[in-house]
Protein chains: 2
Amino acid sequence: METKYNMVKKAIKSKIIDGTFTPHQKISSESELMKQFDVSRHTVRLAIGDLVTTGWLYREQGSGTFCADRSALDTKQNVSNQKNIAIITTYISDYIFPSIIRGAESRLSENGYQVSIFSTNNDHENEKRILEKILSQQFDGIIIEPTKSAYSNPNIGYYLNLERQSIPYIMINAYYDELEPISVVMDEEKGGFMQAEHLIKLGHKEIIGCFKTDDMQGTKRMKGFLKAHRHYKIPLNPKNIITYNTLEKWSKPIQELEKLLTTNNPDKATGLVCYNDELAIKLLDVLRLNNIRVPEDLSIIGYDDSTLSEVSEVKLTSIIHPKSQMGRDAANTIIDLISAKISTKNKDSSQVQSIVYSPDIVIRSSTKDLNPETITS
Amino acid sequence: METKYNMVKKAIKSKIIDGTFTPHQKISSESELMKQFDVSRHTVRLAIGDLVTTGWLYREQGSGTFCADRSALDTKQNVSNQKNIAIITTYISDYIFPSIIRGAESRLSENGYQVSIFSTNNDHENEKRILEKILSQQFDGIIIEPTKSAYSNPNIGYYLNLERQSIPYIMINAYYDELEPISVVMDEEKGGFMQAEHLIKLGHKEIIGCFKTDDMQGTKRMKGFLKAHRHYKIPLNPKNIITYNTLEKWSKPIQELEKLLTTNNPDKATGLVCYNDELAIKLLDVLRLNNIRVPEDLSIIGYDDSTLSEVSEVKLTSIIHPKSQMGRDAANTIIDLISAKISTKNKDSSQVQSIVYSPDIVIRSSTKDLNPETITS
DNA sequence: CAGTTCATCTTGTACGTACATTTATTATAA
DNA sequence: TTATAATAAATGTACGTACAAGATGAACTG
């Protein structure tokens, strides 16, 4: 124990124990210590290195070496030194969710996080079960895609508990309005507006809108749909709005659309705005069976710009959804939140902000220009 | 992470994890490591020092540096009573993989397991990185979808180390032949046979086969394709076989098919067997652009019975893939293996066996009967 | 006054040297 | 053959240098 670096070590350690150095206080720099103890920098670094690995000090490049807060260390949890993130999603396999998950997973694993995935199957009971499980373990952060975001959430208590335990979480695709969480979402209302606007500008007057209304996306897209009609002063026939929920997604929209299109009324619709591409593709089938040509007889516009929009014989005009970019941004945001939490001196984590994507439209061949003066390509 | 001492650290750690260094075995001396990595002793000591403090190595002055025995350390860790399963897949978001993952996730979470997901993006380097991560933690079992299963695997050492540490693992969709692991797979050869057989029985004589050959599925499906031709004594034109790998999947098959179909040869193909639905849908596009009608001019058959097979205007005849059932069965199998391991008295875990699904065909409207005597529906 | 640049201080990485201490092997002597 | 001593080899301590990279505050600029 009579080595030089051990003497330095013991000297610093005593000053911590007797309270000369208080937690988060900066200790002398390496060059100062060199002079104080008349040793080389190598020896100082050896001593400090040992004290860092045993949890007495921590170093910050550029700033200095600081006394650690050993009371916080007593939580003793993070033995494994393993960084964990949970992703809670409604569905794992359906539609665009895999792309979102993939984007998040790639970015998180790049940053050394391990990703655990849970799916609620859009059921609040499952969501509750998952949140209980997550709260009983130690996760560093959580990315949540809300379940039935249009309805009020019965599991608010669990989310508040996350905040109490200061576990960072963010919401993607939608959010529970009551919580006002940090979120990564699209401007869905504008997206819905753009869907309708596109058809209106092409000269369509009678437009059917078909929206899922048990999540936030659907209700906001519908809101945008209505707004566009008001904005362009197009009267909107209430009959032209079809709403459905998750359970009805393979039945009600199809039936309602067939009803609308087979009755012989004078002002038959020429446009169809769909909640998403999945629905649009399904309705394309219905139209084909009813000998309605797209886009000659009916223009149809989807949402999400999913892979589905390019597999059919009629390529869908659609609203672009960031998908994997959204996943990556969600990952970045949660990583920022976690590091903001760790750097305790900077309590101001309000730097981390929500992201809202402005939608964009991709025009393919499913929408037809009705304006006589315009030259269609 | 690209610092020299980190590279040395990772290299040594890899050799511990993949079993090159066994517990209490002496590793290379510092001077040897200096030569091996062409770095200074200081750097070597930095790397080794880190590995010592994190418990991977221990040093004995005068004798050398030795691999630590982590098994003693592992036992005390499992206090958390948390059951963990890792799923390693090639892709998270593409095609049928989400369905498989979902099936496995639902069954595993029902049984109280937490699921961590890793994706290799079909790259052996990533697979290595993931296996290292998994081996340095404690997982109760692993479900693996092999990366480039048609090629020999450079990470065999890691899999053998899994066995040495008696961590149960199974493979789905394909398997590394060298390992002869417990697996949950389709009878891909029979599937390929049935694809060709279906067209042959419909009277097709000239059939193009298009197969991906960097995974086991593709090579076996092609084998079945050839077998069917031999069995039904249909001569097979070598020109009619198109092979490609993952990187070429959006280019080569399209070009080769166009070449085959645009040249005016007397025995033009009337049938097209596709590696999977994803390819079939893509090729449907190519055919449409070349004014080739399906199934009137060309019958086409896919594989996997994915959602894609029903979205296009021509509904695809396809081979049924169990997808989420495969995921569920994989989950059940790994659960069985874990409980068989726990019940130590019954060392005979040979009760748990591989599952092979016999393929089935679903006939839709993309294949046409050429037999004059048969009445087509 | 706000924003930017730059010098300076801090820790991080990497190279070199020298000698000390401990252990294992080999050679030597009883 | 056995005990001892010399030797070699391994890690441990300690010195030095140089430059990289991050953080900070002062000087500068628009």
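Residue numbers start from 1 in every chain, and the chains themselves are labelled A, B, ... in the order their sequence lines are given, proteins ahead of strands. Source: prediction; values computed, not measured. Computed over heavy atoms, backbone and side chain alike; hydrogens, waters and symmetry mates excluded.
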How are the rings of A:F118 and A:F139 set to each other: parallel, tilted or perpendicular (split at 30° and 60°)?
perpendicular
Is the phosphate of [N], meaning OP1 or OP2, less than 4.0 Å from a side-chain N or O of [X]?
| X | N | value |
| --- | --- | --- |
| A:S31 | C:dC9 | no |
| A:T3 | D:dG12 | no |
| B:R45 | D:dT11 | no |
| B:T43 | C:dC15 | yes |

Between A:E145 and A:T90, does any side-chain donor sit less than 3.5 Å from a side-chain acceptor?
yes
A:D329 and A:Y357: side chain donor to acceptor below 3.5 Å:
yes
Distance check needed: [N] [atom2] versus [X] [atom1], whole Å only.
| X | N | atom1 | atom2 | value |
| --- | --- | --- | --- | --- |
| A:N6 | D:dT13 | CG | C1' | 11 Å |
| B:I48 | D:dT13 | CD1 | P | 14 Å |
| A:Y58 | C:dG12 | OH | P | 13 Å |
| B:K26 | D:dA9 | NZ | P | 12 Å |
| A:E30 | C:dT8 | CD | C1' | 16 Å |
| B:L57 | D:dA10 | CG | P | 16 Å |

Are more than 12 heavy atoms, taken from residues, nucleotides or ligands other than B:Q25, located less than 6.0 Å from that residue's CD atom?
yes
Looking at A:D50 and A:K9, does any basic side-chain N land under 4.0 Å from a carboxylate oxygen?
yes
A:Q217 vs A:V185, side chain to side chain contact (heavy atoms under 4.5 Å, CB included): CA-CA, chis, key distance, verdict
CA-CA 9 Å; A:Q217 295 95 303; A:V185 297; over 6 Å; no
Strictly under 6.0 Å, is that where the ring centroids of B:H42 and B:Y5 end up?
no
Taking the side chain of A:H42 as its heavy atoms from C-beta onward, which of C:dG12, D:dA14, C:dT13 lies nearest to it?
D:dA14
From C-beta outward on B:Y5, which listed nucleotide comes closest to its side chain: D:dT11, C:dT13, C:dT10?
C:dT13
Can you tell me how far apart CD1 (A:I167) and OH (A:Y159) are? Round to the nearest 0.5 Å.
12.5 Å
Output the residues of residues 32-40 of chain B in contact with DNA chain C, where contact means a heavy atom of the residue under 4.0 Å from an atom of the strand; sort by number or write none.
B:V39, B:S40
Base versus backbone protein contacts along nucleotides 18-26 of chain C [heavy-atom cut-off under 4.0 Å; B, S, -]:
B--BBB---
Could you list the residues that satisfy salt bridge (charged side-chain N to carboxylate O under 4.0 Å, His left out) with B:R41, not counting sequence neighbours?
B:E30
